[in-house]
Amino acid sequence: MARGSNFARVVALIVLGAGAAALSNLAASTQRKLAWVGSYPRALEVGAPAAAAVPTPAAQVAPAPPSPTAAQSTAESRPANPVPGSTASAPAALAAFEPDLAKAFPPHPDKAAVEISPDSALLLHRRKALFLDARRSSVYAEGHIPGARSFPVWESDIDARVKAIYEEGIDQRAPIVIYCSGGNCEDSHMLAEKLYMVGFDNVLIYKDGFPDWQKRRHPVATGANP
């Protein structure tokens with residue numbers, strides 16, 4: 001009988017406690033009110049996604065101005081300081097060449113060389129024009145046009161020879177005659193290009209070369225370059 005009385009008291013206390021709790025929750029403010037067990041009024045709500053970070057635009061870099069594309073003439077393509085190791089500009093003319101030769105053989109700054117006939121080569125030789133032999137030095141020693149200087153285009157010191165003749169201060173407008181073995185020989189043309197690149201504007205090529213000179217029985221000199 002006592003056990004039944006105690007059980008009834010426990011149940012009564014639980015009921016009274018629950019009721020007191022319910023009255024207290026109803027009287028509480030909204031922020032402090034507890035949800036009933038099993039009650040989740042925001043359970044199905046999905047929070048708004050966080051705003052995506054907007055990247056700060058990178059600093060705009062102004063494009064570099066385009067490089068000039070205008071084509072330059074062949075003469076303009078030659079370097080301003082054409083001789084390696086030289087800081088001097090093109091030498092001043094020592095003396096103007098003869099007026100009649102200037103008229104017959106004018107400078108041609110737009111091209112490396114102009115071919116001339118055997119008769120023109122003989123005329124220029126008689127007028128003491130500078131002659132350059134583009135063949136190998138050993139062949140030059142066996143026979144060459146008198147007064148011609150050895151400028152063997154295939155030998156290792158050719159660039160030094162070109163630089164040296166530039167530094168002599170020769171009038172770069174005056175005729176310079178170059179020859180080699182004639183026929184299909186291109187040595188004289190190769191030497192003409194080298195001279196043109198350092199500023200000589202009146203290079204003339206004796207196309208038929210030394211064999212033609214010999215065939216015409218003109219004077220021949222032998223020996224190494226003086």
Linking I/L/V/M/F/W/Y whenever any side-chain heavy atoms sit under 4.5 Å apart, do W154 and F151 land together?
yes
Quick one: list whatever passes side-chain hydrogen bond (donor to acceptor under 3.5 Å, both in side chains) with D212, sequence neighbours left out.
Y206, R216
Excluding sequence neighbours, so at least two apart, what forms side-chain contact (heavy atoms from CB on, under 4.5 Å) with A221?
H144, P146
Checking E168, R173, Q172 against I170 for side chain to side chain contact (heavy atoms under 4.5 Å, CB included), the one that qualifies is E168
For I145 and H218: C-alpha separation, side-chain torsions, deciding distance, then whether side chain to side chain contact (heavy atoms under 4.5 Å, CB included) applies.
CA-CA 8 Å; I145 296 176; H218 296 322; over 6 Å; no
Quick one: salt bridge (Lys or Arg N to Asp or Glu O under 4.0 Å) pairs with a partner in residues 182-200, sequence neighbours left out?
D159-K194
Side chains of V162 and L195: does their closest heavy-atom pair fall under 4.5 Å?
yes
If you round to the nearest 0.5 Å, how far is CG of D208 from SG of C180?
10.5 Å
Joint hydrophobic cluster, V139 plus I205, side-chain heavy atoms closer than 4.5 Å
no
Pairing residues for H108 by the ring-ring contact (aromatic ring centres under 6.0 Å, His included) criterion, not counting sequence neighbours:
none
side-chain contact (heavy atoms from CB on, under 4.5 Å) against E142, all qualifying residues, sequence neighbours excluded
none
What residues, two or more places apart in sequence or in another chain, satisfy side-chain hydrogen bond (donor to acceptor under 3.5 Å, both in side chains) together with K207?
none
Enter the distance from Y196:OH to L191:CG here, rounded to the nearest 0.5 Å.
15.0 Å
Of all the heavy-atom pairs spanning C185 and S181, show the shortest one and how long it is.
SG-N, 3.6 Å
Quick one: side chains of residues 130-138, donor-acceptor pairs under 3.5 Å with protein atoms, not counting sequence neighbours, listed by atom name and distance.
from: D133; atom 1: OD1; to: R135; atom 2: N; distance (Å): 2.9
from: D133; atom 1: OD1; to: R135; atom 2: NE; distance (Å): 3.0
from: D133; atom 1: OD2; to: R135; atom 2: NE; distance (Å): 3.2
from: D133; atom 1: OD2; to: R135; atom 2: NH2; distance (Å): 2.8
from: D133; atom 1: OD2; to: Y179; atom 2: OH; distance (Å): 2.8
from: R135; atom 1: NH2; to: G143; atom 2: O; distance (Å): 2.6
from: S137; atom 1: OG; to: E155; atom 2: OE1; distance (Å): 3.2
from: S137; atom 1: OG; to: E155; atom 2: OE2; distance (Å): 2.9

For the CE atom of M197 and the OH atom of Y166, what is their distance to the nearest 0.5 Å?
12.5 Å
For residues 112-123, dump all side-chain donor-acceptor pairs below 3.5 Å to protein atoms at least two apart in sequence or in another chain.
from: E115; atom 1: OE2; to: H189; atom 2: NE2; distance (Å): 3.3
from: S117; atom 1: OG; to: S120; atom 2: N; distance (Å): 3.2
from: S117; atom 1: OG; to: S120; atom 2: OG; distance (Å): 3.2

Could you state the interatomic distance from CZ (F105) to CG (L204), rounded to the nearest 0.5 Å?
6.5 Å
What's the shortest heavy-atom distance between A174 and N202, and which atoms?
O-CB, 3.5 Å
Any idea which heavy atoms bring A141 and A224 closest together, and the distance?
CB-N, 4.2 Å
Side chains of V177 and H125, heavy atoms from C-beta outward: is any pair under 4.5 Å?
no
